[in-house]
2 protein chains.
Amino acid sequence: MKEQPWWYGRLKDSGARLTEPREIVLEILRSAREHLTATDIYIQAHRMKPSIGLTTVYRTLELLIKLGIVQKFELGEGKARFELVDKPGGEGHHHLVCLKCRKIIDYSDITNDEKEFLSRVEDRLKRKYDFKILDHLMWFYGVCRECRGS
Amino acid sequence: MKEQPWWYGRLKDSGARLTEPREIVLEILRSAREHLTATDIYIQAHRMKPSIGLTTVYRTLELLIKLGIVQKFELGEGKARFELVDKPGGEGHHHLVCLKCRKIIDYSDITNDEKEFLSRVEDRLKRKYDFKILDHLMWFYGVCRECRGS
DNA sequence: TAAAGTATTGGAAATGATTTTCATTATCAG
DNA sequence: CTGATAATGAAAATCATTTCCAATACTTTA
(Lines give C-alpha, C1' and ligand atoms only; values in the text may rest on other atoms or scores of the structure.)
Protein backbone atom coordinates (compact mmCIF):
# COMPACT_ATOMS: atom_id res chain seq x y z
CA MET A 1 0.00 0.00 0.00
CA LYS A 2 1.16 3.40 -0.98
CA GLU A 3 2.58 5.86 1.49
CA GLN A 4 0.21 8.74 2.18
CA PRO A 5 1.46 12.29 2.19
CA TRP A 6 1.90 13.79 5.64
CA TRP A 7 -1.21 15.90 5.49
CA TYR A 8 -3.50 13.01 4.65
CA GLY A 9 -4.19 12.09 8.25
CA ARG A 10 -4.70 15.66 9.24
CA LEU A 11 -7.35 16.09 6.61
CA LYS A 12 -9.11 12.89 7.55
CA ASP A 13 -9.00 13.59 11.28
CA SER A 14 -10.70 16.90 10.71
CA GLY A 15 -13.68 15.11 9.26
CA ALA A 16 -13.17 16.65 5.85
CA ARG A 17 -13.37 14.49 2.77
CA LEU A 18 -10.54 14.12 0.33
CA THR A 19 -12.53 15.01 -2.75
CA GLU A 20 -11.19 15.29 -6.25
CA PRO A 21 -11.03 19.10 -6.30
CA ARG A 22 -9.14 19.02 -3.03
CA GLU A 23 -6.75 16.40 -4.31
CA ILE A 24 -6.13 18.45 -7.39
CA VAL A 25 -5.40 21.60 -5.45
CA LEU A 26 -3.04 19.71 -3.17
CA GLU A 27 -1.28 18.12 -6.10
CA ILE A 28 -0.82 21.49 -7.76
CA LEU A 29 0.62 22.94 -4.58
CA ARG A 30 2.88 19.94 -4.11
CA SER A 31 4.42 20.24 -7.51
CA ALA A 32 4.60 24.04 -7.59
CA ARG A 33 8.01 25.55 -7.96
CA GLU A 34 6.92 28.94 -6.84
CA HIS A 35 4.27 30.44 -4.65
CA LEU A 36 1.03 30.42 -6.54
CA THR A 37 -1.92 32.78 -6.37
CA ALA A 38 -5.47 31.46 -6.12
CA THR A 39 -5.96 32.26 -9.77
CA ASP A 40 -2.77 30.44 -10.77
CA ILE A 41 -4.07 27.39 -8.97
CA TYR A 42 -7.48 27.78 -10.50
CA ILE A 43 -6.06 27.91 -14.02
CA GLN A 44 -4.05 24.74 -13.52
CA ALA A 45 -6.91 22.98 -11.78
CA HIS A 46 -9.30 23.98 -14.49
CA ARG A 47 -6.96 22.46 -17.05
CA MET A 48 -7.01 19.16 -15.18
CA LYS A 49 -10.75 19.17 -14.58
CA PRO A 50 -12.70 21.93 -16.26
CA SER A 51 -15.65 21.70 -13.94
CA ILE A 52 -13.68 23.06 -10.99
CA GLY A 53 -14.72 26.55 -9.97
CA LEU A 54 -12.65 29.37 -8.59
CA THR A 55 -14.84 29.45 -5.51
CA THR A 56 -13.89 25.90 -4.72
CA VAL A 57 -10.23 26.74 -5.02
CA TYR A 58 -10.67 29.53 -2.50
CA ARG A 59 -12.67 27.34 -0.20
CA THR A 60 -10.17 24.54 -0.40
CA LEU A 61 -7.30 26.86 0.36
CA GLU A 62 -9.21 28.24 3.31
CA LEU A 63 -9.77 24.75 4.65
CA LEU A 64 -6.15 23.74 4.17
CA ILE A 65 -4.96 26.87 5.90
CA LYS A 66 -7.23 26.20 8.84
CA LEU A 67 -5.80 22.70 9.08
CA GLY A 68 -2.27 24.03 8.96
CA ILE A 69 -1.50 22.31 5.69
CA VAL A 70 -1.13 25.44 3.62
CA GLN A 71 0.34 28.82 4.40
CA LYS A 72 -0.80 32.09 2.91
CA PHE A 73 1.52 34.96 2.09
CA GLU A 74 0.98 38.46 0.92
CA LEU A 75 3.78 40.46 -0.56
CA GLY A 76 2.08 43.72 -1.32
CA GLU A 77 0.89 42.62 -4.74
CA GLY A 78 -2.75 42.94 -3.80
CA LYS A 79 -3.25 39.20 -4.00
CA ALA A 80 -2.26 36.31 -1.82
CA ARG A 81 0.13 33.48 -2.59
CA PHE A 82 -0.05 30.00 -1.18
CA GLU A 83 2.47 27.37 -0.27
CA LEU A 84 2.33 23.90 1.22
CA VAL A 85 3.59 23.95 4.80
CA ASP A 86 6.73 21.96 5.53
CA LYS A 87 6.33 18.44 6.73
CA PRO A 88 6.05 18.54 10.53
CA GLY A 89 9.32 17.69 12.16
CA GLY A 90 11.07 19.22 9.19
CA GLU A 91 13.26 22.22 9.55
CA GLY A 92 11.00 24.96 8.30
CA HIS A 93 12.28 27.40 5.81
CA HIS A 94 12.77 31.05 5.19
CA HIS A 95 12.42 33.30 2.21
CA LEU A 96 14.80 35.28 0.14
CA VAL A 97 13.15 37.89 -2.06
CA CYS A 98 14.72 39.79 -4.90
CA LEU A 99 13.50 43.36 -4.70
CA LYS A 100 13.92 43.86 -8.42
CA CYS A 101 12.51 40.81 -10.14
CA ARG A 102 10.37 39.69 -7.17
CA LYS A 103 11.80 36.21 -7.46
CA ILE A 104 11.44 34.28 -4.23
CA ILE A 105 13.88 31.62 -3.10
CA ASP A 106 12.87 29.31 -0.30
CA TYR A 107 15.81 28.20 1.69
CA SER A 108 16.02 25.74 4.48
CA ASP A 109 19.64 25.43 5.43
CA ILE A 110 18.78 26.09 8.98
CA THR A 111 21.84 25.66 11.07
CA ASN A 112 21.89 24.75 14.71
CA ASP A 113 23.15 28.21 15.31
CA GLU A 114 19.97 29.52 13.83
CA LYS A 115 17.73 27.14 15.68
CA GLU A 116 19.24 28.02 19.01
CA PHE A 117 19.06 31.67 18.27
CA LEU A 118 15.40 31.48 17.41
CA SER A 119 14.50 29.64 20.53
CA ARG A 120 16.35 32.23 22.60
CA VAL A 121 14.40 35.02 20.91
CA GLU A 122 11.14 33.25 21.37
CA ASP A 123 11.93 32.76 25.04
CA ARG A 124 12.66 36.40 25.45
CA LEU A 125 9.44 37.44 23.73
CA LYS A 126 7.47 35.05 25.82
CA ARG A 127 8.82 36.52 29.00
CA LYS A 128 8.62 40.13 27.98
CA TYR A 129 5.31 40.29 26.17
CA ASP A 130 3.62 37.22 27.55
CA PHE A 131 3.05 35.89 24.09
CA LYS A 132 2.98 32.21 23.46
CA ILE A 133 4.95 32.00 20.23
CA LEU A 134 3.76 29.36 17.83
CA ASP A 135 5.62 30.18 14.69
CA HIS A 136 7.92 32.61 13.04
CA LEU A 137 8.83 33.75 9.60
CA MET A 138 11.98 35.35 8.33
CA TRP A 139 12.22 37.28 5.12
CA PHE A 140 15.42 38.52 3.63
CA TYR A 141 15.29 41.13 0.92
CA GLY A 142 18.01 41.82 -1.52
CA VAL A 143 19.03 41.80 -5.12
CA CYS A 144 19.85 38.61 -6.94
CA ARG A 145 22.89 38.14 -9.15
CA GLU A 146 20.99 38.52 -12.42
CA CYS A 147 19.42 41.77 -11.34
CA ARG A 148 22.72 43.19 -10.15
CA GLY A 149 24.00 42.89 -13.67
CA SER A 150 26.96 40.75 -14.71
CA MET B 1 14.81 76.85 13.53
CA LYS B 2 12.92 73.68 14.09
CA GLU B 3 14.47 70.27 13.54
CA GLN B 4 13.05 68.55 10.49
CA PRO B 5 11.98 64.95 10.68
CA TRP B 6 14.39 62.48 9.10
CA TRP B 7 12.30 61.93 6.00
CA TYR B 8 12.05 65.60 5.15
CA GLY B 9 15.23 65.69 3.11
CA ARG B 10 14.39 62.51 1.34
CA LEU B 11 11.09 63.91 0.19
CA LYS B 12 12.64 67.17 -0.95
CA ASP B 13 15.52 65.46 -2.76
CA SER B 14 13.06 63.42 -4.77
CA GLY B 15 11.58 66.60 -6.17
CA ALA B 16 8.21 66.00 -4.54
CA ARG B 17 6.44 68.80 -2.75
CA LEU B 18 5.51 68.66 0.87
CA THR B 19 1.88 69.55 0.40
CA GLU B 20 -0.74 69.74 3.08
CA PRO B 21 -2.32 66.37 2.32
CA ARG B 22 1.11 64.77 2.45
CA GLU B 23 1.95 66.48 5.71
CA ILE B 24 -1.32 65.29 7.17
CA VAL B 25 -0.74 61.70 6.11
CA LEU B 26 2.77 61.77 7.52
CA GLU B 27 1.56 63.28 10.77
CA ILE B 28 -1.09 60.61 11.12
CA LEU B 29 1.45 57.88 10.53
CA ARG B 30 3.89 59.47 12.96
CA SER B 31 1.41 59.55 15.78
CA ALA B 32 -0.19 56.18 15.03
CA ARG B 33 -0.01 53.61 17.76
CA GLU B 34 -0.85 50.76 15.49
CA HIS B 35 -0.53 49.91 11.85
CA LEU B 36 -3.21 51.75 9.97
CA THR B 37 -5.05 50.82 6.81
CA ALA B 38 -5.48 53.31 4.00
CA THR B 39 -9.07 53.82 5.08
CA ASP B 40 -8.06 54.42 8.69
CA ILE B 41 -5.71 57.10 7.49
CA TYR B 42 -8.33 58.54 5.21
CA ILE B 43 -10.86 58.85 8.01
CA GLN B 44 -8.42 60.68 10.24
CA ALA B 45 -7.19 62.87 7.42
CA HIS B 46 -10.71 63.71 6.42
CA ARG B 47 -11.42 64.79 9.96
CA MET B 48 -8.48 67.19 9.84
CA LYS B 49 -9.23 68.49 6.36
CA PRO B 50 -12.48 67.33 4.82
CA SER B 51 -11.44 68.06 1.27
CA ILE B 52 -8.85 65.27 1.28
CA GLY B 53 -9.82 62.33 -0.90
CA LEU B 54 -9.13 58.66 -0.45
CA THR B 55 -7.31 58.63 -3.76
CA THR B 56 -4.81 61.14 -2.47
CA VAL B 57 -4.18 59.03 0.59
CA TYR B 58 -3.38 56.06 -1.62
CA ARG B 59 -1.21 58.14 -3.88
CA THR B 60 0.66 59.64 -0.98
CA LEU B 61 1.29 56.25 0.55
CA GLU B 62 2.55 54.96 -2.77
CA LEU B 63 4.97 57.86 -3.04
CA LEU B 64 6.22 57.45 0.51
CA ILE B 65 6.75 53.75 -0.03
CA LYS B 66 8.75 54.42 -3.17
CA LEU B 67 10.90 56.85 -1.21
CA GLY B 68 11.45 54.31 1.53
CA ILE B 69 9.67 56.42 4.12
CA VAL B 70 6.74 54.11 4.64
CA GLN B 71 6.48 50.35 4.70
CA LYS B 72 3.45 48.38 3.62
CA PHE B 73 2.32 45.16 5.26
CA GLU B 74 -0.33 42.65 4.49
CA LEU B 75 -1.47 40.19 7.07
CA GLY B 76 -4.10 38.23 5.26
CA GLU B 77 -6.89 40.64 6.09
CA GLY B 78 -7.47 41.58 2.49
CA LYS B 79 -6.22 45.07 3.06
CA ALA B 80 -2.82 46.58 3.58
CA ARG B 81 -1.46 48.32 6.63
CA PHE B 82 1.13 51.04 6.68
CA GLU B 83 3.88 52.07 9.01
CA LEU B 84 6.55 54.73 9.07
CA VAL B 85 9.96 53.18 8.49
CA ASP B 86 12.49 53.43 11.29
CA LYS B 87 14.88 56.31 11.26
CA PRO B 88 17.95 55.22 9.32
CA GLY B 89 20.75 54.17 11.58
CA GLY B 90 18.21 52.99 14.10
CA GLU B 91 17.99 49.42 15.17
CA GLY B 92 15.06 48.28 13.10
CA HIS B 93 12.28 46.33 14.67
CA HIS B 94 10.39 43.11 14.40
CA HIS B 95 6.77 42.15 14.71
CA LEU B 96 4.81 40.03 17.07
CA VAL B 97 1.36 39.09 15.82
CA CYS B 98 -1.48 37.59 17.81
CA LEU B 99 -3.11 34.98 15.63
CA LYS B 100 -6.43 35.40 17.39
CA CYS B 101 -7.05 39.11 17.74
CA ARG B 102 -4.58 40.14 15.03
CA LYS B 103 -2.99 42.63 17.36
CA ILE B 104 0.51 43.55 16.31
CA ILE B 105 3.29 44.50 18.66
CA ASP B 106 6.37 46.13 17.27
CA TYR B 107 9.41 45.33 19.27
CA SER B 108 12.87 46.62 18.94
CA ASP B 109 14.88 45.10 21.74
CA ILE B 110 17.47 43.94 19.35
CA THR B 111 20.21 42.31 21.30
CA ASN B 112 23.79 41.99 20.21
CA ASP B 113 23.16 38.32 20.09
CA GLU B 114 20.51 38.97 17.52
CA LYS B 115 22.56 41.42 15.54
CA GLU B 116 25.47 39.04 15.26
CA PHE B 117 23.24 36.21 14.34
CA LEU B 118 21.60 38.15 11.58
CA SER B 119 24.86 39.19 10.07
CA ARG B 120 26.02 35.57 10.07
CA VAL B 121 22.87 34.50 8.27
CA GLU B 122 23.14 37.27 5.76
CA ASP B 123 26.73 36.31 5.10
CA ARG B 124 25.75 32.74 4.50
CA LEU B 125 22.94 33.70 2.12
CA LYS B 126 25.23 35.98 0.26
CA ARG B 127 27.76 33.23 -0.29
CA LYS B 128 25.31 30.50 -1.08
CA TYR B 129 22.74 32.26 -3.24
CA ASP B 130 24.77 35.22 -4.38
CA PHE B 131 22.17 37.58 -3.07
CA LYS B 132 23.12 40.98 -1.82
CA ILE B 133 20.95 41.27 1.25
CA LEU B 134 19.62 44.74 1.93
CA ASP B 135 17.06 44.16 4.59
CA HIS B 136 15.26 41.57 6.58
CA LEU B 137 12.03 41.17 8.43
CA MET B 138 11.13 38.84 11.24
CA TRP B 139 7.61 38.00 12.21
CA PHE B 140 6.66 36.00 15.25
CA TYR B 141 3.20 34.57 15.49
CA GLY B 142 1.52 33.52 18.66
CA VAL B 143 -1.32 34.12 21.03
CA CYS B 144 -1.36 37.06 23.40
CA ARG B 145 -2.26 36.81 27.05
CA GLU B 146 -5.78 38.17 26.65
CA CYS B 147 -6.60 35.71 23.90
CA ARG B 148 -5.24 32.78 25.85
CA GLY B 149 -7.85 33.47 28.50
CA SER B 150 -7.02 34.36 32.10
C1' DT C 1 -31.18 -0.71 -0.13
C1' DA C 2 -33.83 3.58 0.35
C1' DA C 3 -34.57 7.79 2.71
C1' DA C 4 -32.71 11.54 5.08
C1' DG C 5 -29.17 14.46 6.58
C1' DT C 6 -24.89 16.70 5.83
C1' DA C 7 -20.82 18.12 3.25
C1' DT C 8 -19.25 19.84 -1.05
C1' DT C 9 -19.61 22.07 -5.21
C1' DG C 10 -19.99 25.74 -8.98
C1' DG C 11 -21.91 29.86 -10.97
C1' DA C 12 -23.59 34.36 -10.38
C1' DA C 13 -23.86 38.29 -7.75
C1' DA C 14 -22.03 41.10 -4.08
C1' DT C 15 -18.27 43.19 -1.63
C1' DG C 16 -14.43 45.85 -0.67
C1' DA C 17 -9.80 47.48 -1.42
C1' DT C 18 -7.11 49.64 -4.69
C1' DT C 19 -6.24 51.88 -9.26
C1' DT C 20 -7.35 54.59 -13.20
C1' DT C 21 -9.34 58.45 -15.59
C1' DC C 22 -10.10 63.04 -16.21
C1' DA C 23 -11.03 67.62 -15.37
C1' DT C 24 -9.60 71.18 -11.95
C1' DT C 25 -6.42 73.61 -8.97
C1' DA C 26 -1.97 74.84 -6.94
C1' DT C 27 2.84 75.70 -7.40
C1' DC C 28 7.18 76.66 -9.64
C1' DA C 29 10.42 78.49 -13.23
C1' DG C 30 11.28 82.04 -16.37
C1' DC D 1 2.44 87.52 -14.93
C1' DT D 2 2.37 83.27 -17.93
C1' DG D 3 3.01 78.83 -19.30
C1' DA D 4 4.48 74.24 -17.79
C1' DT D 5 4.18 70.75 -14.47
C1' DA D 6 2.77 68.55 -10.16
C1' DA D 7 -0.91 67.44 -7.24
C1' DT D 8 -5.66 66.83 -6.16
C1' DG D 9 -10.51 64.87 -5.76
C1' DA D 10 -14.63 62.64 -7.48
C1' DA D 11 -16.36 59.13 -10.05
C1' DA D 12 -15.74 55.05 -12.62
C1' DA D 13 -13.23 50.91 -13.44
C1' DT D 14 -10.58 46.81 -11.74
C1' DC D 15 -9.57 42.93 -9.50
C1' DA D 16 -9.21 39.62 -5.69
C1' DT D 17 -12.04 37.54 -2.56
C1' DT D 18 -16.59 36.32 -0.35
C1' DT D 19 -21.37 35.39 -0.15
C1' DC D 20 -25.62 33.29 -1.76
C1' DC D 21 -28.08 29.73 -3.39
C1' DA D 22 -29.55 25.88 -5.79
C1' DA D 23 -27.72 21.39 -7.37
C1' DT D 24 -24.79 17.09 -6.25
C1' DA D 25 -22.34 13.68 -3.83
C1' DC D 26 -21.44 11.05 0.10
C1' DT D 27 -22.67 8.84 4.66
C1' DT D 28 -25.41 7.36 7.95
C1' DT D 29 -29.58 5.43 9.68
C1' DA D 30 -33.68 2.88 9.48
Side-chain angles (χ1 to χ4, degrees), chain A residues 8 10-29 35-67 69-83 102, chain B residues 8 10-29 35-67 69-83 102:
Chain A
Y8 184 83
R10 212 182 271 198
L11 199 59
K12 275 307 176 63
D13 291 350
S14 78
R17 297 180 201 148
L18 185 50
T19 61
E20 198 186 353
R22 287 172 185 172
E23 268 188 299
I24 289 177
V25 168
L26 278 161
E27 174 54 24
I28 289 169
L29 286 168
H35 302 97
L36 304 174
T37 64
T39 304
D40 292 338
I41 295 169
Y42 168 67
I43 290 169
Q44 288 193 40
H46 189 266
R47 214 177 285 141
M48 296 162 86
K49 187 179 198 294
S51 72
I52 287 180
L54 181 55
T55 310
T56 297
V57 171
Y58 274 106
R59 265 189 305 232
T60 300
L61 289 170
E62 186 190 8
L63 171 71
L64 296 175
I65 289 167
K66 196 178 311 171
L67 294 177
I69 295 172
V70 162
Q71 198 157 2
K72 177 180 179 181
F73 296 112
E74 294 186 70
L75 300 174
E77 302 169 292
K79 55 194 163 185
R81 291 184 176 271
F82 303 87
E83 174 185 47
R102 286 281 156 188
Chain B
Y8 185 83
R10 214 182 270 197
L11 199 58
K12 275 304 176 66
D13 291 349
S14 79
R17 297 180 200 150
L18 185 51
T19 60
E20 198 185 354
R22 288 173 182 170
E23 268 189 298
I24 288 177
V25 168
L26 277 161
E27 174 53 24
I28 290 168
L29 285 168
H35 301 95
L36 303 175
T37 64
T39 305
D40 293 338
I41 295 169
Y42 168 67
I43 290 170
Q44 288 192 41
H46 189 266
R47 212 177 286 141
M48 294 160 86
K49 186 175 197 296
S51 73
I52 287 180
L54 180 55
T55 309
T56 297
V57 171
Y58 273 106
R59 266 188 303 229
T60 300
L61 289 170
E62 187 190 6
L63 171 71
L64 296 175
I65 289 166
K66 196 179 312 170
L67 295 178
I69 294 172
V70 162
Q71 197 156 1
K72 176 180 178 182
F73 296 112
E74 294 185 71
L75 300 174
E77 302 169 294
K79 56 193 162 185
R81 291 183 177 271
F82 302 86
E83 175 185 46
R102 288 281 158 187

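Just so you know, these numbers use all the heavy atoms, side chains as well, and skip hydrogens, waters and symmetry mates. Every chain is numbered from 1 and lettered A, B, ... according to where its sequence line falls, protein lines coming before strand lines.
In this structure, NE2 on His46(A) lies 10.5 Å from CG on Leu54(A), to the nearest 0.5 angstrom. Leu61(B) contributes atom CG, which lies 9.5 Å from atom OG1 of Thr37(B) (distance to the nearest 0.5 angstrom). In this structure, CD1 in Ile24(B) is found 12.0 Å from CG in Leu29(B), a value given to the nearest 0.5 Å. Between Leu64(B) atom CG and Arg10(B) atom CZ the span is 11.0 Å, to the nearest 0.5 Å.
We find that CG of Asp40(B) is positioned 12 Å from C1' of dA17(C), with the value rounded to whole Å. Rounded to a whole Å, the CD1 atom of Ile41(B) is 15 Å from the P atom of dG9(D). Residue Lys49(A) contributes atom NZ, which lies 10 Å from atom C1' of dG10(C) at whole-angstrom precision. The distance from atom CD of Glu20(A) to atom P of dT8(C) is 15 Å, rounded to the nearest whole Å. In this structure, CD of Glu77(B) is placed 15 Å from C1' of dT18(C), rounded to the nearest angstrom.
Val70(B) has its side chain out of reach of Val25(B): every pair of non-hydrogen atoms, C-beta onward, lies at least 4.5 Å apart. Contact check for Asp40(A) versus Arg81(A): side-chain heavy atoms found under the 4.5 Å cut-off. Two residues are said to be in side-chain contact when any heavy atoms from C-beta on lie closer than 4.5 Å; Phe82(B) and Ile65(B) meet this criterion. In this structure the side chain of Thr60(B) never reaches within 4.5 angstrom of the side chain of Ile41(B), judged on heavy atoms. Inter-residue side-chain proximity for Leu36(A) and Gln44(A) is flagged as met; some heavy-atom pair is nearer than 4.5 Å.
Contact record, Val57(B) with Ala38(B): CG1-O, 3.8 Å, taken as the closest heavy-atom pair. The minimum heavy-atom distance linking Gly76(A) with Lys72(B) is given by the pair O-NZ, 3.6 Å.
Of the residues in residues 60-67 of chain A, not one places a heavy atom less than 4.0 Å from an atom of DNA chain D.
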Please tabulate, one pair per line, each protein N/O and nucleotide N/O from nucleotides 27-30 of chain C that are separated by under 3.5 Å, including the distance.
{"unit_1": "dT27(C)", "atom_1": "O4'", "unit_2": "Arg17(B)", "atom_2": "NH1", "d": "3.4"}

What are the atom names and distances for every N/O pair under 3.5 Å that joins the protein to nucleotides 13-20 of chain D?
{"unit_1": "dT17(D)", "atom_1": "OP1", "unit_2": "Ala80(A)", "atom_2": "N", "d": "2.9"}
{"unit_1": "dT17(D)", "atom_1": "OP2", "unit_2": "Tyr58(A)", "atom_2": "OH", "d": "2.4"}
{"unit_1": "dT17(D)", "atom_1": "O5'", "unit_2": "Tyr58(A)", "atom_2": "OH", "d": "3.1"}

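Pairs passing the salt bridge (charged side-chain N to carboxylate O under 4.0 Å, His left out) check and including a residue from residues 53-66 of chain B, sequence neighbours excluded, do not occur.
Applying the side chain to side chain contact (heavy atoms under 4.5 Å, CB included) test to Leu67(B) and every residue at least two apart in sequence or in another chain returns Leu11(B), Ser14(B), Leu63(B), Ile69(B).
Comparing the local axis fitted to the first five base pairs of the helix from dT1(C)-dA30(D) to dG30(C)-dC1(D) with the one fitted to its last five gives a bend of 30°, rounded to 10°.
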